[in-house]
Structure formats: structure tokens, C-alpha cells
Amino acid sequence: MDEISQEAVSAKNVPKKALDYDVLFRLTGWLVTFVLPLFLYVHLPEKIYEQSGEQGVIFLALISGAVSMWVFRLTPNFVPSILVTILSVILNLAPREIVVAGFGSDVIFLVLGMFIFAAMMSTSGLARRISLWLTVRLPNNRFTQPFILFGLGTFLSALIPSPLGRSAIMTPLAVDLSKLSIDPRRQATLQVSAMQGSFLLCTIFLTGNPLNFVMLGFLDLQTQFYFQWGNWFQSTIFVGVVLLSFYCVWVVWRCRKEQTVSDAEVEQVREELRKLKGFDNKERGAVLAMLVLIGSILTMSFHHIALAWITLFIAMVIFLFDGLNAGDMRNRVDWPTLIFIASIMSWGPTIQHLQLDSLALEYLQWLGVFITGNPFVGILALSAVVFSVRLFFPGAPTFVILMSVLISISGDSALSPWVLGFCLITLSESFFLPYQHGVASQVFSALGEEKLMHKEMQRTFLTSNLWFCFARIVALCATLPYWADLALI
């Protein structure tokens, strides 16, 4: 009876307005989710019917419903994306092998392998040991840990060509460091630093993002030969410096009032680190696996084996030597995020099959006028287009569609095709809400499991996303004189 009465009292203490607002928000979301697709199906321009047929119209209507579910947070992120895939198959909007193409992509196997690596780091205790060591050995001030997390993510960007793979490694470390603090603001700063370290500078390094290689594929052979690792980095370093400056401003502003770990807590951490003693076999295995992976990446020019299969092979070897078990595979691998990524990656081939990318060329001819006449105004116009499209489509399809458009209208442009492609990749990596980026979706899922997704965390993610979107625009515009010196303009 006492428990029941306590529950009744706690229920009474919940503000009624808060409950009403939440219910109203969800009801509005479901209403929009059902009405918006029907509205678009009836009122989309006749040109879309002529170009893509009824299948293209239905596909766009389905996507609008998925975006509504994401914006109003009605379901987990993977549910709307897999629903679009299922309905596309049932309604025969495109051949099945195209609709499910993302599930056979190398990227999925690469991310799966990275998730297994991250699981081994977590279960072996290596991530915990590293977080304790960083707390004890590094100066105990507000700025050290965020900068270390960001720096580690940036270092991995030069080695591992997968933002999701890097995030899978960085997130457990950031979670362990966050648990050492009781300050929600501090926890949010650490998580954003780890996430931004995983992908903020990923376009600065040729090996930092798979889309970098896709972009080169759009260019002529001479340009592809020129923009290898060294020349790519030379051409992008100014953008990297500006983005790094924006991160430094953000982290200094965030950390000015945050609580550091107290001396008593540091002593407790030091005592816990002493109890760990030497590395056990699982930790040695995790270190060895990481060294083999890094060695394989550095020698790819000799063996020419795709990183996805190297990663997955090493991950399976971990299971052979009992580094992980089936339970770890079920509990530690973020399967919802994998499903989300696989289904989202299928949108690009489906869009191309339905010839919706050709429609984009017709509707975006005006963009060529801005890009041709004034590079500064052209970048601002391109930013507005990319951010608008990214509200509905993920980064990879957005890049492929818009890159096709830019290549076709860049003949008389003041910007070289490489500069246009680089600007597009950098802007396509921007996002506001978690469903717009696989890394954010994976981080939110991990934080939810660790009970760290509090209001301060959500608020910090949103404001920092806006800040770094602005940073990308400023970085690209500020780099125009530098590109002019390199004769790229």
C-alpha cells in the first residue's frame, strides 16, 4: 500500500502542463505523419509524375512521412527508415535489389566490424582503463579531457575512413569519462567533443570519409591523380584550421563554468587504477587487434583489400579466441543503428532508379547562376540548398544527387569542380537533428542505453550542431582567398 501511495503522490507531482504538452506534441506528430504524405501525393507538381511516374510520387510521400516521424520523435530512428524500405518493396516502387542495396554495402560490414572492436574495448576494460589513466595523468582542468577526446577522434580520422567506425570506438571512452562527473553540463561537453572529433574534420583528410573517394570519381583522371593524400590535405588545411578554431571557441565557452573532478574523486580514480594492475589477456587482445587494424590501413596500397573485410575478419578472429561471446554480440552491437544506416543507404539507388535526381537538375539550374558569377554568394546559396535537402535526405544521397547537378553546371563556374565537390561534402556532413546523421543516431542510442540522455545533453547537442553548421559555412567562405592562391579559383 505504501508503494502504491508513493506512486500516486509522484504522479500528482508531475506538472499537468508538461504531460499535456507531451501528449499534444505526439498527437500533432502522428497527425502530420498521416496527412503530409497524402497531401504530397495529391499536390506534387505534374512534372514529377511525368518524370518518375506514380512510383516516384509515392516514394517522396513515404519519405515525408518518415521525416515527420523523426522530427516529432515518434519512434526509434530505424523504424521509419525500414518502413520506407518495406513499403517500397510491397508497392513495387523499384526492383527489390535496388530497394535493399544498402544492406549489401561494404559500409555496413565496416561499421559492424568497428562495433565489434568497440565492444571488445568496453568488455575487456580497456576503455575504462584509458579513461581512468587520462583522469589521473593529465592536468585536472576543465579543458584537458574535451580536447583529448576531440584530438583522438581527429587522429583516427586520418586512419579509419568511416565516421561511424570512429564513433563506435570513441563513444565508449567518452561514456566512461562522463560517468566520472556528476555535472550534466560536463557530461554533454565530453560527448559532443567525442562526436565532433569523429567527423568534424573528416573531409580534411582524403581517408577520413568514403564520400571523398566518391567525389573524386566524378572528376577527370588528371584531377583524381593530383588530389591524392598530400595535395588533398594541402588544399583543405585552411578549412581545418578554421573549423578547429570554432571548436576551441565552443569548448572554452562551454567549460568556463563546468565542474572539474575533485581531488577526492581523483584519488578514488587513482585507487581504482591501482587495483586494475597489469593488462589481462582480453586487454592485450584488444590492443593487438587495434595495432593489426592500423597496420592494415597503413599498408592498403600493398595488399589492396577493402577495409570492410579486413575489419570484419579481425573481428571474427576476436570471437575465435574468446575475446567476445554471442551475448556480447547481441548486447554490445548497435543493431538498430546498423538497420537505420542500411535502409537509409538504399534511398540513393532508389532515387536514381526513379530519376528523381534528374528533376533536381531542372529545379536547381538557378544555383549555377550564383556559383558561376560569385563564389562567395554561390557557397551561401549552396549551403541553403544542402541544409534544406538534408532535412529530408541523408548525407550520402544528398551528395550524390547534388554532385551530379554541380558537375553539369560547373563548366563556366569560377570554382573548380574539386572545390565545388569539397564544399558539397563538407556541407553535407552538417546536421541539426539526430536522424540526419548516422553518427548522431549511434551516439544518441548509446547514451540512451547508459541513461545519459538528459535534457542538458539534448540541448547541448542541438546548439552545438547549429554552431558547427555555421562554422562550416564560415570556413568555406574564408578559404576562398587561399584557394585562389592555389589556382583552384
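Hydrogens, waters and symmetry mates are skipped; everything else that's a heavy atom, side chains included, is used.
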Please verify the inter-ring angle class for F246 with W467; under 30° counts as parallel, over 60° as perpendicular, anything in between as tilted.
tilted
Assess whether atom CZ of F470 is packed by more than 12 heavy atoms of other residues, nucleotides or ligands within 6.0 Å.
no
List the residues meeting side chain to side chain donor-acceptor pair (under 3.5 Å) with S178, not counting sequence neighbours, and say none if there are none.
Q191
Would you be so kind as to tabulate the donor-acceptor pairs closer than 3.5 Å made by side chains of residues 291-300, with sequence neighbours excluded?
unit_1, atom_1, unit_2, atom_2, d
S296, OG, V292, O, 2.8
T299, OG1, G295, O, 2.8
T299, OG1, S296, O, 3.4

Partners of Y226 by side-chain contact (heavy atoms from CB on, under 4.5 Å), sequence neighbours excluded?
N231
Restricting to side-chain contact (heavy atoms from CB on, under 4.5 Å), what partner residues turn up for L466, sequence neighbours left out?
F432
With sequence neighbours left out, the residues meeting side-chain contact (heavy atoms from CB on, under 4.5 Å) with T28 are L24, V32, F72
Excluding sequence neighbours, so at least two apart, what forms salt bridge (charged side-chain N to carboxylate O under 4.0 Å, His left out) with E456?
R254, R459
Residue list, side chain to side chain donor-acceptor pair (under 3.5 Å) with T33, at least two apart or on another chain
S68
Distance-only side-chain donor-acceptor flag, S157 / R166, under 3.5 Å:
yes
Using ring pair (Phe, Tyr, Trp, His ring centres under 6.0 Å) as the criterion, list what pairs up with W309, not counting sequence neighbours.
F109
Can you name the residues that form a side chain to side chain donor-acceptor pair (under 3.5 Å) with S383, not counting sequence neighbours?
none
Considering residues at least two apart in sequence or located in another chain, which fulfil the side chain to side chain donor-acceptor pair (under 3.5 Å) criterion with N281?
R284
Do the ring planes of F468 and W250 sit parallel (below 30°), tilted (30 to 60°) or perpendicular (above 60°)?
tilted
Non-neighbouring partners of F422 that pass side-chain contact (heavy atoms from CB on, under 4.5 Å), sequence neighbours left out:
T203, I204, M215, W232, T236, V239, W418, T426, L476, W483
The complete set of salt bridge (charged side-chain N to carboxylate O under 4.0 Å, His left out) pairs with one or both residues in residues 437-454, sequence neighbours excluded, reads K179-E450
